[in-house]
Every structure is written in C-alpha cells, then in structure tokens.
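Below is one structure; the comments refer to it alone.
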2 protein chains.
Amino acid sequence: MSSSRTPPTIYDVAEKAGVSIATVSRMLNSPDKVGPKTRDRILAAIDQLGFVPKAEARARALSRTGRIGVITPFFTAPSFVQRLRGIASALGKASREMVIYPVESYSQLGSYFGSIPLTGNLDGLVVVSLPVSDIAARRLNSFNIPTVLIEYSHPTLNCVEIDDFEGGHMAAEYLIRKGHKRIAFLANPDIPEYAVATLTRRFTGFHQALIEAGIELPESYVRYASSDQEQIYQATADLLSQAQPPTAIFAALDFHAANVLKAARRLNVCVPDQLAIVGFDDLDIAEYADLTTIRQHLDESGRLAVEILLAHIADPGRPVQHVKLPLTLVERLTA
Amino acid sequence: MSSSRTPPTIYDVAEKAGVSIATVSRMLNSPDKVGPKTRDRILAAIDQLGFVPKAEARARALSRTGRIGVITPFFTAPSFVQRLRGIASALGKASREMVIYPVESYSQLGSYFGSIPLTGNLDGLVVVSLPVSDIAARRLNSFNIPTVLIEYSHPTLNCVEIDDFEGGHMAAEYLIRKGHKRIAFLANPDIPEYAVATLTRRFTGFHQALIEAGIELPESYVRYASSDQEQIYQATADLLSQAQPPTAIFAALDFHAANVLKAARRLNVCVPDQLAIVGFDDLDIAEYADLTTIRQHLDESGRLAVEILLAHIADPGRPVQHVKLPLTLVERLTA
DNA sequence: CACTTCTATGGAAGCGTTTCCATAAATAAA
DNA sequence: TTTATTTATGGAAACGCTTCCATAGAAGTG
C-alpha cells in the first residue's frame, strides 16, 4: 500500500540509498557518470519510494519547462480542432506538454500576449489563426520566446501560412474550367474582430481568377451570411432568384457550402447540374455532404508549426522562417 | 525599447525600488500589507522593468501550480471537443491553465496515469471518457491528486456521469410512443479498447424499453458498422431489405444516424415517414442533418467537472461526488 | 510620559532540483 | 613504487519566489 503522504523528494531517495542528492540527480540525468553499485542502490530506492522528479523544481533549475503554449480561438470550429490535433500529436512525440490558452475576445488576446509568455514559463508558443500586433511581436522577441504563427504572418516571427488567395483562385479556376460563367461568392461577414482576414483573401483570389478569365462579377453575386442555417438559406435563395442566377457558388467556408447545398435541395435545385458548389477547408461536414472543396492540410499545419518551433528552441539563432502550405482541390459531388 | 536581456526578477525590482525582495513579494500577494509609499515605488519599478513573476518559481514556493491536467482521447470527435470547450471555459474563468494530454492508445493511457500526476505537478486532473483502472485510481488517491472523471465511474473518484442507459431508454420510448413496433439498433463495433462501454449501455437501455413495451427485438435488427460512410450505408441497406424491415432506427451515435439518413435518401426511403431515425449526442452534424437525437450536455459536463474539481482542490476533505447529468430529447425532422 | 499594541519592513530559511567545484579513491602510466 | 590521470562522489551554490520570524518605529492607551 503506497503511503498517502506527500510525494518523496530527491532527499528521501538520497537518504535511503545512502548517497548525496547530487549523486541521485546525476544518476537521473546522466546515469553513466555514476558507479554501477551506487546506481543499483539508487534505483532500488527510487523504486521503493515511487519517486518521480517534480517538474516544477526541475524546470526552475533547468530554466526550461518542456511546455509549449498554444493560443487559439475558442476551439469549437472543427478547423481549429484539426490544427490542434496536429499540434498535439507532434508535441506528444517530442514529449512536450501542451498548454492551451483559448481566446474568446480581442482584449483577452491582448492580455494573453502581455502575460502568458513570461508568467507561463513556456519554452515556446504557437499562435493559431490569430492576429499578432507589432507590439506583441516585439514583446515576444524581446523576451526571446520562440513563436510560430499559423495562418497569420508577421515579418519578425515564424509563420506557417495558408495561401488563401491561391485557394480562392483555385476554386474559381476549377469552376471556370467546368464551363461556369456565372459564379457567386458567399462568406461570413461577422469575422470576429480578433480573427484573421482569411476570407477577404479567399475572395480576392477568387475575384482575380474571374478577372483573368474575363468574367464579370456582378455585385449581386457577392453575398455574406452569418453561420446560421436560415441566413444561409436566405442568401442562397436570393442568389438563385435573380434574373440571371449564378450557376455556381463558391462558399469560402465549408459550413456555408454545406448549407447552400441544403438550401438548394429545399429549393429543388439540382446539384451539381443546375448549381455547382465549392467549399473551403475540407471539414468533416464536407465529407458528409460530399462537398467539392479546397482542402487545407489542417493537421499538417499544426505538425509543421511544432517542428519549426522545436527547431528554433533548440537553436535560437536560426533565422525566421515563413512556410506556405499548399492547398488541394478535393473533387466530390457538388461541382 | 525593451531590453532583450533575460527577464527581470524580483531582485531587480527590489533593488530598483530600494526595498527587500520580501516586500516586493508581499506587495504582489497582499498589497494591503505594504505601506502606500513603498507600494508606489515598487509599482513604478515593476512597470519600468516590465517585471512579471515567473510561474515556475511561484509554483515551487507555493507548491501549487495553477494548472489542471486534462487527459482525453485524441480529440478529433466533436463530442470530445465540446466537452473540452466546457472545461476550457470554466478553467479560464477560474484563471487556471489547462494542460492537455491526448491519449492515443491504451498503453499510453497507462503510462500517463503512471507519470503525469506526479511529474506534471498539476493541481488536479480531469479525465474525459476514459476508463480508469483501480490501480490508477489508487495512485491518484494516494498522491492526493484531486480528480474528476467524465463519462466513467469509479467509486473512489469524483465523476460526472452520463446516463447512457436512460438515453437509450428515452430513444426507444419516444419511438414507441410514435407508434413504431419494429425498431432497429445501430452502433459502432470497434470501440477502441481504451474507451468506455458507452454504447453497450445505450443498447441495454434501448432494449429494456422495448421489453417493457412488450416489443420484440429480432437479432437481425441489431447492427454494427464502423464509422465509415460505406459501411453504414451497407448496414442500413441490409436492415431495410429484410422481409420485415424496421420502421425506425436508433443509432447510438449521431455520426451513424446522419449516415443512415444519407443512406435512406440514396435508397429512396422517405424519412421520417417510411423510416424514423434517432441519434445520440447532438453533435453539430445532427443540427445540419436535422436529426432527432438525444442531447448530452457536453459542455455542461466539462464545466461541471471543473467546478467539482476546484471545490475539491480548495477543500481536499470533501467527500467523493458522483453527479449524473440529465439527457434531453431534441426533436427535429427525422423522427 | 511611560508602556503596550500594531504595522511596515527586512532577514533568512525553505521549496526540490541541477550543476560547478573540490576531493578522495582508483586506475594508468612512468 | 611514485606520480599523473581519471572516475565516483559529496558539498554547496544557484534558480526565483513565498513566508515565518524578528525588529524598529508608529500609533494608541492609561
């Protein structure tokens, strides 16, 4: 029966083994520097006591924590989760702990950047899909906190970027190649202030492709609807009830695309014959709905970010790295 | 321009303010015990230096960390995410950090229980939807790690349980009340070894309700299909191609329910007229698919777990608590 | 005004490790 | 054998903070 006392310390082990704490510590960190007999005795003591070195104490003495902070929007959206998954997996392999700092508001984000990096005693920081101000970046740099940004770019910090422009471009190109000339755009208007201008870039890329192909984009073809079934239905209905309705819709978010599809069904519009739909992100809902979409390698982005981060922790001198992750078009049934 | 030196310590502040470190510390932890003039001077010094107390050092001296560990299956499934969300939110409000330990395999789970509680120096632990062995429970208890289990029960640990039996029962009752007499059951067979026997309980409750209503459950009405669109389609098709096909299907997982719905469409079976479908969990996909389902208060479960945990951290003497969270039936379009 | 009670402060001991330095013992080289 | 190396070990400082204890001075009491 293990005692219900406080956990044993290195002193207990040392005493039990009849050596000094220094030797125990050495045994723990570089076993080959300890005599075999002593080693065995210490090992035995450790086992008997069920000793486990305390991370905090270790961290203080070592001045590194084995802990990586992850600042992320409140993770309800699957796309964040996917990224986190990638991060978690990579971190686990490197046997680092992951501390999550969910962000719910812009001011909270600010205060995080103010305090976390120092107070949290983290070895490094991953920031997911969140804008980083110059001030924050300067703080991070001046306190030497290795940092990697995902889906946002800052010149003085490492970044894993998504080529949203290219993604929008791809979507449009694909639709154009399929013969569409009347292509609409749908996205979320209420980008929370603290998030990233991703959608705008997707739109720009999309628009650019149309221009290159000499295709008009009437203002009435650009719609915004919040993440709400009914609103998206309304937007779709509006779009389709025009005199010259679009034959394709590029929804800059899978959630929207899925609901456009649903709306189309409700309106008895046949997909993809009468209406093609392309989404963005390749969430699980996209698979469920058989959505043609632009796939982001979400978990890959997380994994990559961690890799870069660890490299920079190991070698702080390393120059800032900016990586752009490629996108793929996943062809399913809606376009 | 902030210096790029190492972060200032309490000593720097003390020196700059011309006081002892004790006073600075006191000022930080109980400002009212420090004279107003001194306070101002210290405050000024802190501001100038941009001093932030280091968490590790603090933790060691305080022997608490402000950090809560969360052991959870690798969070890809939305239901886990929802729970985490609840946990994160509650933790944030209590200004505790959340350290995530994703579990990918059974052996990993074991080793976590072996090491995390001690090495991680956590104030407490939340275990999400994972079985805890007696050995692990004993460890946790003997090392005095306050712990709360979600969706699993152990006599010596705090638990937030889900009444899966009741959920299955509700689903069946609802269907029976709607006049169905031929009701099938569909679930996932490949419960990963490290997860919880949730589905079995859902089935038992379901079955019990049928028995109470004097309704037969032919063996051919009980199907298992892995989380794969095609398999679920196959299972559904099999189910419906029987001589006496069921008029309703209770899928113990929303994912399955959603895909049954999809299969029904493909098979030209009208839902809910020819086939009623009830799911379980109320994931976002359930809303998208307009699924009638049994709702778990997933984020509530997380929030509650944290509450219990914090209470037990504050007062370790408190007796073990077992809470059962209620379920609700959400009536949508599929049944 | 002498004496007690607070209050603000500093000194110093811990918290549990790591690690540098010194020393004693063991081994190798001469 | 004597001296030079190497190896195993212990002592002790350091990491940055909290907190107990002691003290000096301020405030309050009769």
Side-chain angles (χ1 to χ4, degrees), chain A residues 5-43 45-46 49-67 115 117-123 143-144, chain B residues 5-43 45-46 49-67 115 117-123 143-144:
Chain A
R5 311 204 92 308
T6 68
T9 74
I10 200 170
Y11 290 91
D12 301 324
V13 177
E15 191 182 339
K16 181 152 212 140
V19 298
S20 76
I21 59 160
T23 305
V24 177
S25 175
R26 218 174 288 123
M27 144 86 232
L28 253 24
N29 297 293
S30 31
D32 46 309
K33 294 193 166 182
V34 172
K37 289 195 65 168
T38 326
R39 172 162 33 199
D40 290 348
R41 244 172 335 129
I42 297 182
L43 242 22
I46 288 184
L49 263 42
F51 167 75
V52 177
K54 267 109 224 121
E56 300 298 335
R58 199 141 191 286
R60 190 179 24 57
L62 248 58
S63 59
R64 53 183 201 80
T65 63
R67 214 174 294 128
S115 62
L118 310 91
T119 204
N121 259 35
L122 301 166
D123 290 350
F143 283 102
N144 296 316
Chain B
R5 314 202 92 307
T6 68
T9 75
I10 201 171
Y11 290 91
D12 302 323
V13 177
E15 192 183 339
K16 181 150 213 141
V19 299
S20 77
I21 58 161
T23 305
V24 177
S25 175
R26 219 174 288 125
M27 142 88 231
L28 254 24
N29 296 293
S30 29
D32 46 308
K33 293 193 167 183
V34 173
K37 288 195 64 167
T38 325
R39 175 162 30 197
D40 290 348
R41 246 173 331 131
I42 296 182
L43 241 22
I46 288 185
L49 263 42
F51 167 75
V52 177
K54 267 110 226 119
E56 300 298 337
R58 198 142 192 285
R60 188 181 25 57
L62 250 59
S63 55
R64 55 185 198 78
T65 62
R67 215 175 292 129
S115 62
L118 308 91
T119 203
N121 260 36
L122 301 167
D123 290 350
F143 283 102
N144 295 317

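Computed from a prediction, not measured in an experiment: that's the story for all the values here. Chain letters run A, B, ... following the sequence lines, proteins first, then strands; residues in each count from 1.
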d(CD, B:Glu15; P, C:dG11) in whole Å: 13 Å
Between N or O atoms, less than 3.5 Å apart, protein on one side and nucleotides 23-28 of chain C on the other: list the pairs.
none

Nearest non-hydrogen partners of B:Thr65 and B:Asp123, listed with the distance: N-OD1, 2.8 Å
B:Lys37 NZ - C:dT9 P separation (whole Å): 11 Å
Distance below 4.0 Å between B:Lys33 side-chain N/O and C:dA8 OP1 or OP2: no
Non-hydrogen atoms of A:Leu49 and A:Val13 that approach each other most closely: CD2-N, 3.8 Å
Tell me which donor-acceptor pairs under 3.5 Å the side chains of residues 31-41 of chain A have, and how far apart each pair is, sequence neighbours excluded?
from: A:Arg39; atom 1: NH1; to: A:Pro31; atom 2: O; distance (Å): 2.9
from: A:Arg41; atom 1: NH1; to: A:Ala17; atom 2: O; distance (Å): 2.7

Interatomic distance, A:Asp40 CG vs D:dA8 P [rounded to whole Å]: 14 Å
Nearest heavy atoms of B:Lys54 and B:Pro8, plus distance in Å: NZ-O, 2.7 Å
Euclidean distance, B:Arg26 CZ relative to B:Ser20 OG, rounded to 0.5 Å: 6.5 Å
For nucleotides 18-22 of chain C, give me every protein contact, N/O to N/O, under 3.5 Å, one pair per line with atom names.
from: C:dT18; atom 1: OP1; to: A:Asn29; atom 2: OD1; distance (Å): 3.4
from: C:dT18; atom 1: OP1; to: A:Asn29; atom 2: ND2; distance (Å): 3.1
from: C:dT18; atom 1: OP1; to: A:Arg58; atom 2: NE; distance (Å): 3.0
from: C:dT18; atom 1: OP2; to: A:Ser25; atom 2: OG; distance (Å): 2.4
from: C:dT18; atom 1: OP2; to: A:Asn29; atom 2: ND2; distance (Å): 3.4
from: C:dT18; atom 1: O5'; to: A:Ser25; atom 2: OG; distance (Å): 3.4

Nucleotide D:dT9, atom C1' - distance to CZ of A:Arg41 in whole Å: 11 Å
Residue pairs passing the side chain to side chain donor-acceptor pair (under 3.5 Å) test where at least one lies in residues 9-19 of chain B, sequence neighbours excluded: B:Lys16-B:Gln48
Rounded distance [0.5 Å steps], CD1 in B:Ile10 versus CG in B:Leu28: 6.0 Å
